[in-house]
Amino acid sequence: MKNTLDPLEPKADKATVRRHNLSLVLRAVHDEGEATRAAVAARVGLTRAAVSSLVEQLLAGGFLTESGKTFSGLAGRPGTALRVARTGPAGLGVEINIDYVSVCVVDLAGTDRVRLTEHLDNRDVPPGEVLARAARIAARTLESAAEQELRPAGVRLALPGLVSGGTVRQAPNLGWNRVAAQDLFGEALGALRPGLRALPVGSDNEANAAALAELWFGEGDGTGERARSFLYLSGEIGVGGALVVDGELLRGAHGFAGEIGHVVADADGPECRCGSRGCLEQYAGQAALLRGAGIAKDAGGPGVAELERRAAAGDARAAGALERAGRMLGLVLSGAVNLLDPDAVVLGGVYRGLMPWLGPSVDAELGRRVVSGLWVAGGGRLRAASSSGDAARGAAALVVRDVIADPAGYAERVGAT
């Protein structure tokens, strides 16, 4: 009988085991924030002698630092406190959105160390030009990072639209179709840094990156408890979405899960740039909000800040626009909540600042339509995104996570050891 099982991987040798254990120790210190060798050994199940050897290698490679004495909570003398290094390996995240580019560098702890944001109208601008702009901002960010002795291991792009294999298959609000964003950005950045090591470039959907930032850095429900299963909405010119389930991003069969902005709220509604009609973003995207409030928006217009100011001042038209958008958001979100049953719904992007006026109608609609009866308006399951996370930081943190998953591989690539 033919064996249809996949072949087994080769047996792990000593080098492979050590490589795995280096990551195990580095992750343990990263997750704890500060730990002694004894505490790490207890957590990862290795002997203290083995952990000490691995720690010495991580110290020599610039992944860890040690300082002072601290009690591990275990028997024995105080141990030296280990922390992930504030210099050395880092991640570079580049968010390219419709009307801005934001670039940040995070260290191994995930701390946002360098940030540059430029407000640019990227609509109907050739993709190569937009990506070259982003590369110029990234190059300046890298110079600032070098002054802090940070060495990004790579770049992760956070892009609006359907992103797969380094290509933006479709980004209706940018007018992009089948744009090889990774390659174009990598070439532009490399041309700005002649003679320097080329940084590997990856890419993801911007809502995915923002949702991961919320998972890793968010403030949760105010008690310090972060939700591990939640639906994230990113409100910008368009409306993006992402779903986190039990601490993992749900990508879908083709990587396109979360496109809630193009869920149809009204089949007879206005035409959307995606080619359909009545998509959610036609009712709750930035353009719809401003239009409903009677605020003109062009590249130099007042935009969402003016909407927020008017709403705070009690302007009836602004309040009405936000209430209507909230109802449409709640309508579409109720279907997603009934289907997926997340712990929470998190509203990010421009929605975050508009929550006092937008949130009540979203919450009320969810309370009426979620069939479990477990959604109670005002119950805390609808939350504003944390100020600690955004797509650029989430993208940069993805690079850092790759380093932590294989510090030996990073050291080999850059000659750190």
Side-chain angles (χ1 to χ4, degrees), residues 89-107 110-161 163 166-168 171 173-176 179-210 212-213 234 236-238 240 299-300 303-304 348-350 387-400:
L92 177 68
V94 179
E95 180 186 2
I96 299 173
N97 220 305
I98 313 304
D99 53 357
Y100 66 88
V101 173
S102 188
V103 181
C104 80
V105 173
V106 303
D107 60 23
T111 305
D112 197 333
R113 298 285 298 278
V114 184
R115 169 80 63 158
L116 287 178
T117 300
E118 290 193 10
H119 293 277
L120 304 159
D121 191 345
N122 294 317
R123 284 168 287 195
D124 302 316
V125 177
E129 186 176 332
V130 173
L131 291 157
R133 287 175 177 175
R136 289 193 291 271
I137 300 168
R140 296 204 306 274
T141 308
L142 287 168
E143 291 173 0
S144 297
E147 293 171 1
Q148 298 187 46
E149 299 182 63
L150 292 165
R151 300 189 303 275
V155 188
R156 186 65 66 101
L157 304 178
L159 302 160
V163 182
T167 296
V168 178
N173 289 306
L174 280 175
W176 290 12
V179 173
Q182 272 183 209
D183 290 343
L184 289 169
F185 177 88
E187 291 165 6
L189 185 62
L192 294 166
R193 305 172 74 239
L196 297 177
R197 180 178 63 89
L199 294 178
V201 181
S203 58
D204 211 330
N205 172 268
E206 59 88 16
N208 286 347
L212 290 172
S234 173
E236 301 291 350
I237 299 294
V304 175
V350 301
S387 60
S388 304
D390 67 302
R393 188 178 182 191
L398 279 165
V399 176
V400 164

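Since we're looking at a predicted model, the values are computed, not measured.
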Asker: From L150 CG over to T141 OG1, what is the distance, rounded to the nearest 0.5 angstrom?
Answerer: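 The CG atom of L150 sits 12.0 Å away from the OG1 atom of T141.
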Asker: Looking at CG of L116 and CD1 of I137, how far apart are the two atoms once the value is rounded to the nearest 0.5 Å?
Answerer: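 It is 7.5 Å, given to the nearest 0.5 Å.
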Asker: So which heavy atom on F185 is nearest to which on A134, and how close?
Answerer: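 Looks like CE1-C, 3.8 Å.
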Asker: S388: which residues meet the side chain to side chain contact (heavy atoms under 4.5 Å, CB included) condition with it, sequence neighbours left out?
Answerer: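 Expected list: F217, E219, S386, R393.
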Asker: Within the structure provided, determine whether Q148 and D107 are in side-chain contact (heavy-atom separation under 4.5 Å).
Answerer: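 Heavy-atom side-chain distance check fails, nothing below 4.5 Å.
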Asker: Counting only heavy atoms from other residues, nucleotides and ligands, does the tally under 6.0 Å from CD of E129 exceed 12?
Answerer: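 Yes, CD of E129 has more than 12 neighbouring heavy atoms, counting only those of other groups under 6.0 Å.
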Asker: If you look at every heavy atom in A138 and L92, which pair is closest and at what distance?
Answerer: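 Closest pair (atom of A138, atom of L92, distance): CB-CD2, 4.3 Å.
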Asker: Under a 4.5 Å cut-off applied to non-hydrogen side-chain atoms, are V125 and L120 in contact?
Answerer: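 Heavy-atom side-chain distance check fails, nothing below 4.5 Å.
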Asker: With respect to P160, which candidate in I237, I98, N173 satisfies the side chain to side chain contact (heavy atoms under 4.5 Å, CB included) definition?
Answerer: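 Testing each of I237, I98, N173 against P160, the sole residue satisfying side chain to side chain contact (heavy atoms under 4.5 Å, CB included) is I98.
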Asker: Report yes or no: does N205 contribute a side-chain atom to a donor-acceptor pair with the main-chain N or O of N208 at less than 3.5 Å?
Answerer: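 Flag set: sc N205 to bb N208 pair under 3.5 Å.
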Asker: Are any side-chain N or O atoms of D99 and backbone N or O atoms of N122, one a donor and one an acceptor, separated by less than 3.5 Å?
Answerer: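 No, because the side chain of D99 does not come within donor-acceptor range (under 3.5 Å) of the backbone of N122.
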Asker: Measure across A395 and A209 and return the closest heavy-atom pair with its distance rounded to 0.1 Å.
Answerer: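 In this case the closest contact between A395 and A209 is N-CB, 3.9 Å.
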Asker: So which of V155, V94, T117 actually passes side chain to side chain contact (heavy atoms under 4.5 Å, CB included) with V103?
Answerer: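 Answer after filtering V155, V94, T117: V94.
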Asker: If I compare all heavy atoms of A132 with all of A188, which pair ends up nearest, and what's the gap?
Answerer: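 For A132 and A188, the tightest heavy-atom pair comes out as CA-CB, 4.0 Å.
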Asker: Where do A181 and L157 come nearest, in terms of heavy atoms and distance?
Answerer: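 Here A181 and L157 meet closest at O-CD1, 4.0 Å.
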Asker: So, E118 and R136, do they make that salt bridge, N to O below 4.0 Å?
Answerer: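 Salt bridge flag = no for R136 with E118.
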Asker: Is the closest side-chain heavy-atom distance between L196 and L142 below 4.5 Å?
Answerer: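 Sidechains of L142 and L196: no contact.
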Asker: Please round to the nearest 0.5 Å and tell me the distance separating atom CG of L192 and atom CZ of R140.
Answerer: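 One finds 10.0 Å between CG of L192 and CZ of R140.
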Asker: Which pair of non-hydrogen atoms, one from S102 and one from D390, has the smallest distance, and what is that distance?
Answerer: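 So the minimum-distance heavy-atom pair works out to OG-OD2, 4.5 Å.
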Asker: Is the closest side-chain heavy-atom distance between L398 and D204 below 4.5 Å?
Answerer: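 Yes; the side chains approach each other to less than 4.5 Å.
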Asker: Backbone N or O of E95 within a donor-acceptor pair of the E206 side chain at under 3.5 Å?
Answerer: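 No, E206 side chain to E95 backbone: no donor-acceptor pair under 3.5 Å.
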Asker: To the nearest 0.5 Å, what is the distance between CD (E149) and CZ (R113)?
Answerer: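 Answer rounded to 0.5 Å: 9.5 Å.
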